[in-house]
Amino acid sequence: MYKYDIRSFKELGLYIASDLYRYMTSTSLKSFLRGWYIAGFRYTFFMRCCRFFGKRGIAYKPLFFLCRIALRHYSIKYGFQLPWQTDIGPGLMIGHYGPIIVNPNSRIGVNCNITVGVLMGLSHKLNEDNSRGDFCTRRLGIGFL
């Protein structure tokens with residue numbers, strides 16, 4: 001089981017609210033509507049929904065399919081390659097749109113910032129995972145392999 005697994009609708013709402021708070025410093029409906037126009041939040045929203053609906057039963061497959069289509073659309077539009085299978089803690093903030101590449105087996109901690117040009121790959125060494133801690137920032141041109 002992953003460290004940051006979303007198990008219920010309430011927990012999904014908390015993850016989305018913590019992501020929204022990083023962008024807008026508020027979690028109200030007004031800030032959600034204003035945050036919807038930010039590329040990083042919109043991508044993060046669909047990524048969280050795909051992670052939640054993808055691990056549920058067959059009743060949630062149509063919602064997963066719609067979220068997956070939206071996630072793929074925004075992935076191509078903004079240049080993010082941040083798969084929904086990636087284990088990401090609450091409070092993710094994608095600063096600008098541009099090339100961001102993350103391996104699905106990576107783990108990103110709580111309240112992390114990711115900016116343009118970040119590459120997080122998979123380490124092929126034994127007993128070494130590609131995890132990043134809490135409250136971290138990944139800046140332009142950083143590569144973790």
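Keep in mind the model is a prediction, meaning the values are calculated, not measured.
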Exercise. Taking atom CZ of R72 as the centre, does the number of heavy atoms from other residues, nucleotides or ligands within less than 6.0 Å exceed 12?
Worked result: no
Exercise. Do you know the tightest heavy-atom contact between S26 and S31?
Worked result: O-OG, 3.3 Å
Seminar exercise, completed: Correct closest heavy-atom pair for D5 and E11 would be O-OE2, 2.9 Å
Exercise. Would one find more than 12 heavy atoms of other residues, nucleotides or ligands at under 6.0 Å from atom CD1 of I58?
Worked result: no
For this session: Name the orientation class of the two ring planes belonging to F53 and Y60 (parallel below 30°, tilted from 30 to 60°, perpendicular beyond 60°).
Result: parallel
Seminar exercise, completed: Partner of F46 under side-chain contact (heavy atoms from CB on, under 4.5 Å), picked from L66, L71, I69, is L71
For this session: Return yes when atom OH of Y97 has more than 12 non-hydrogen atoms of other residues, nucleotides or ligands closer than 6.0 Å, and no otherwise.
Result: no
For this session: Apply the side-chain contact (heavy atoms from CB on, under 4.5 Å) test between R51 and each candidate in D87, T86, I88; give the one that qualifies.
Result: D87
Exercise. Given the side-chain rings of W84 and Y43, with only the six-membered ring counted for Trp, is the space between their centroids under 6.0 Å?
Worked result: no
Problem set entry | Heavy-atom closest pair, residues R34 and M24 | CB-CE, 3.6 Å
Problem set entry | Distance-minimising heavy-atom pair for M120 and R107 | CE-O, 4.5 Å
Exercise. If you measure from CG on N113 to CD1 on I94, what distance do you get to the nearest 0.5 Å?
Worked result: 10.5 Å
Exercise. Could you go step by step and tell me if I16 and T27 meet the side chain to side chain contact (heavy atoms under 4.5 Å, CB included) rule?
Worked result: CA-CA 9 Å; I16 292 171; T27 58; over 6 Å; no
For this session: Without swapping roles, check the side chain of T44 against the backbone of G40 for a donor-acceptor pair under 3.5 Å.
Result: yes
Exercise. Does the ring center of F45 lie less than 6.0 Å from the ring center of W36?
Worked result: yes
For this session: Give the ring-plane orientation class for Y74 versus Y78, where under 30° counts as parallel, over 60° as perpendicular and anything between as tilted.
Result: parallel
Problem set entry | Nearest heavy atoms of G109 and C112, plus distance in Å | O-SG, 3.7 Å
Exercise. CZ/R68 to OG/S75 distance, rounded to the nearest 0.5 angstrom?
Worked result: 8.0 Å
Problem set entry | Flag if over 12 foreign heavy atoms under 6.0 Å of NE2, H73 | yes
Exercise. Which is it for V102 and Q81 under the side chain to side chain contact (heavy atoms under 4.5 Å, CB included) test, yes or no, and what are the steps along the way?
Worked result: CA-CA 6 Å; V102 177; Q81 292 182 19; over 6 Å; no
For this session: Taking the side chain as every heavy atom from C-beta outward, state whether C49 and L63 have any atom pair closer than 4.5 Å.
Result: no
For this session: Given side chain to side chain contact (heavy atoms under 4.5 Å, CB included), test L92 with V110 step by step and report yes or no.
Result: CA-CA 7 Å; L92 175 69; V110 178; over 6 Å; no
For this session: In sequence, state the C-alpha distance, the side-chain angles, and the governing distance for V118 and I101, and then conclude on side chain to side chain contact (heavy atoms under 4.5 Å, CB included).
Result: CA-CA 6 Å; V118 172; I101 302 168; over 6 Å; no
Problem set entry | Note: D19-R42 ion pair, threshold 4.0 Å (strictly below) | no
Exercise. Does the gap between the ring centers of Y15 and F52 come in under 6.0 Å?
Worked result: no
Problem set entry | Euclidean distance, C50 SG relative to I6 CD1, rounded to 0.5 Å | 10.5 Å
Exercise. Can Y37 be reached from Y23 by stepping across I, L, V, M, F, W or Y side chains whose heavy atoms are under 4.5 Å apart?
Worked result: no
Exercise. Out of curiosity, does M47 fall in the hydrophobic cluster containing F9 (side-chain heavy atoms, cut-off under 4.5 Å, transitive links)?
Worked result: yes
